[in-house]
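To start, the structure itself, in structure tokens.
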Protein chains: 2
Amino acid sequence: MKDSSRKEFVMLPRPTFERLKLYHRLLLDVKEEYISSETMARMLKLQPEQVRKDLSYLRTTGKPKLGYRVEELKKELDELFAVKRETTVVIVGAGRLGSALANYRGFARYGIEIVAIFDNDPQKIGQFVSDLVVLPLKDLKRVVKRFNVEIGVICVPEESAQEVANLLVACGIKGIWNFAPVQLEVPEDVVVVNEDITQSLLTLKHLLNLRRSKS
Amino acid sequence: MKDSSRKEFVMLPRPTFERLKLYHRLLLDVKEEYISSETMARMLKLQPEQVRKDLSYLRTTGKPKLGYRVEELKKELDELFAVKRETTVVIVGAGRLGSALANYRGFARYGIEIVAIFDNDPQKIGQFVSDLVVLPLKDLKRVVKRFNVEIGVICVPEESAQEVANLLVACGIKGIWNFAPVQLEVPEDVVVVNEDITQSLLTLKHLLNLRRSKS
DNA sequence: TAGATTGTTAATCGATTAACAATC
DNA sequence: TAGATTGTTAATCGATTAACAATC
């Protein structure tokens, strides 16, 4: 007997996972009731077979002649990415990047609530960033416990990033979103996702360079 | 006869290219004269064989017992990513993100010079952001021609991103760095690199979710 | 019904890993 | 020299693509 709930335990191939994120974003803007693999493929410059294969890892199935039900697909992807699950985060570093993130309205849509922002510059402590007061790092532990914080966002300069990571780990945080261009060392039960814009700069410069040498 | 300069024309596998960016960043902090594949692998959680295979696509070779000459490797990677080649860019969107980028000091190291920042909010036009005056979008074409701008950075809300992309393309820009969470439609000779933080947010939430259900 | 589109199996392609000779 | 480490070939593994039957 096939048990479709089993699918939740099937390991997703990494490339498939990456594309599921793209489908998730794409569907946000889709107004139709159904969407075909063909259409999705065209929008993302993929092969329709690829799209169908990827979606076959999910419980949602398509209807011949119609495609996939957009709402159903959205819902399952929201679940996969735990979008509806409220997660509290703190930002460390109240510089321009930290402030930009604290002000970013798009997080709410992903079930992210920013509960505090920290810095250790006395000039910044006490200042308002969005509707949060900048707190000194010594308050970190207390805030993490109090609000059950799961994610720490590192927005400090390269040099202090590892130190901040250690602090976050010591407070019991299990997820780190790292905006500093360094490879952090953390215990293996801590999840780190790097957001390093210098990396995509390298891609951009390389691609432009290729393009130039072709013409 | 083997001609090592041929290597420049060997197509790099995509995964290799991605890792070369990681090696590039890692080497910035290395003080030693030589580094072994073993060491690099440990720092990036890869296999040493993988590192050697990747580096075998480059002209730089290692020395048995010593490893790879750090300076030589750095230099070749700098070339690959065109780091030393000065590239002028404009930022479109003088909101928090655009301002944060305009103020970011790290770009200089990658041969990036920001020459102007644009917005069409009359409130913002004329204001200073870093050492740049915010200009109206109607000046875009003139500035692009005048400074030979190669890259446009899109820091506007989702709704206007495509419109701005069209404008940039119309001005003759060939590289777009897109911070808006949308898939842009551009002619195929234009290079787009997406920097979509909502995508890594999905990864982070998914990984935390997995971690939770395991325990 | 005919035609469009899904979903799966098999074939192909490409990347990683293992093994090991070369070499400093 | 002995030992460490590279660099390459071959074996394995995994992902993509092709083909096509199933089905609405």
Side-chain angles (χ1 to χ4, degrees), chain A residues 1-8 10-23 26-27 30 32-74 76-77, chain B residues 1-7 9-23 26-27 30 32-74 76-77:
Chain A
M1 187 184 115
K2 277 194 191 165
D3 174 2
S4 70
S5 72
R6 287 277 170 74
K7 288 220 170 175
E8 289 186 34
V10 172
M11 190 47 184
L12 291 167
R14 187 69 198 266
T16 294
F17 179 77
E18 291 303 315
R19 284 186 300 267
L20 287 173
K21 293 194 291 181
L22 299 178
Y23 305 147
L26 178 153
L27 291 173
V30 175
E32 288 76 19
E33 192 180 352
Y34 287 90
I35 190 168
S36 69
S37 57
E38 166 76 36
T39 307
M40 296 176 80
R42 188 162 14 82
M43 294 170 86
L44 295 168
K45 291 189 187 130
L46 300 170
Q47 298 306 109
E49 298 84 351
Q50 176 88 84
V51 174
R52 292 203 299 277
K53 181 86 188 185
D54 288 340
L55 298 184
S56 76
Y57 287 97
L58 305 177
R59 295 188 304 273
T60 301
T61 55
K63 276 206 183 51
K65 290 203 74 169
L66 289 172
Y68 300 83
R69 266 205 53 222
V70 173
E71 277 313 313
E72 195 183 348
L73 214 43
K74 267 188 188 168
E76 188 173 1
L77 290 172
Chain B
M1 190 184 116
K2 278 193 192 169
D3 175 1
S4 70
S5 71
R6 287 279 169 77
K7 288 222 170 175
F9 302 99
V10 172
M11 190 48 184
L12 291 168
R14 187 68 198 268
T16 294
F17 179 78
E18 291 303 316
R19 284 187 299 267
L20 287 173
K21 294 194 290 180
L22 299 178
Y23 305 148
L26 179 153
L27 291 173
V30 174
E32 289 75 19
E33 192 180 352
Y34 287 91
I35 190 167
S36 68
S37 57
E38 166 76 34
T39 308
M40 297 177 79
R42 191 163 11 84
M43 293 170 86
L44 295 168
K45 293 193 187 126
L46 301 170
Q47 298 305 112
E49 298 85 353
Q50 176 88 84
V51 174
R52 293 203 298 277
K53 181 84 190 186
D54 287 339
L55 298 184
S56 76
Y57 288 96
L58 305 177
R59 295 188 304 274
T60 300
T61 55
K63 276 206 180 55
K65 290 202 75 170
L66 288 172
Y68 300 83
R69 265 203 55 222
V70 174
E71 277 314 313
E72 194 183 349
L73 213 43
K74 266 188 189 169
E76 188 173 1
L77 290 172

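The structure displayed is predicted, hence computed values, not measured ones.
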Q) With a 4.0 Å cut-off, would you call B/E49 and B/R52 a salt bridge? A)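 Salt bridge: no.
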How long is the line joining [atom1] of [X] and [atom2] of [N], in whole Å?
X     : N      : atom1 : atom2 : result
A/D54 : C/dG7  : CG    : P     : 13 Å
A/E18 : D/dT16 : CD    : P     : 11 Å
A/Q50 : C/dG7  : CD    : P     : 15 Å
A/Y57 : C/dT6  : OH    : C1'   : 16 Å
A/I35 : C/dT5  : CD1   : C1'   : 14 Å
B/E49 : C/dA19 : CD    : C1'   : 10 Å
A/L46 : D/dA18 : CG    : P     : 14 Å
B/L58 : D/dG7  : CG    : P     : 10 Å

Kindly point out which of [options] is positioned nearest to the side chain of [X]?
X     : options                : answer
B/S56 : D/dT8, C/dA18, C/dG7   : D/dT8
B/K53 : D/dT9, C/dG7, D/dG7    : D/dT9
B/P64 : C/dA10, D/dG7, D/dA4   : D/dA4
A/R52 : D/dC20, C/dT16, C/dA18 : D/dC20

Q: Indicate yes or no for a side-chain donor-acceptor contact from B/E33 to the backbone of B/R69 under 3.5 Å, with no hydrogens or angles considered.
A: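 Absent.
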Q) When you match A/P13 and A/L66 each to their closest nucleotide on DNA chain D, which lands nearer the 5' end? A)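 Residue closer to the 5' terminus by nearest nucleotide: A/P13.
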Q: Using the closest heavy atom to pick a nucleotide of DNA chain D for each, name whichever of A/T16 or A/K65 lands nearer the 5' end.
A: A/T16
Does the structure show a Watson-Crick or G-U wobble partner for [N], both distances under 3.5 Å? Name it, or say none.
N      : value
D/dA19 : C/dT8
C/dC24 : D/dG3
D/dC13 : C/dG14

Q: On DNA chain C, check which nucleotide each of B/P15 and A/P48 is closest to and give me the residue with the more 5' one.
A: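 Nearest nucleotide further toward 5': that of A/P48.
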4.5 Å side-chain heavy-atom contact, [X] and [Y]:
X     : Y     : value
A/T60 : A/L77 : no
B/V30 : B/L26 : yes
B/Y68 : B/S36 : no

Hey, is the side chain of [X] poking within less than 4.0 Å of OP1 or OP2 on [N], counting only N and O atoms?
X     : N      : result
A/S36 : C/dT5  : no
B/Y68 : C/dC24 : no
A/R19 : D/dT16 : yes
A/Y34 : C/dT6  : no

Q: Can you spot which of B/I35, B/L58, B/L46 makes a side-chain contact (heavy atoms from CB on, under 4.5 Å) with B/Y23?
A: B/L46
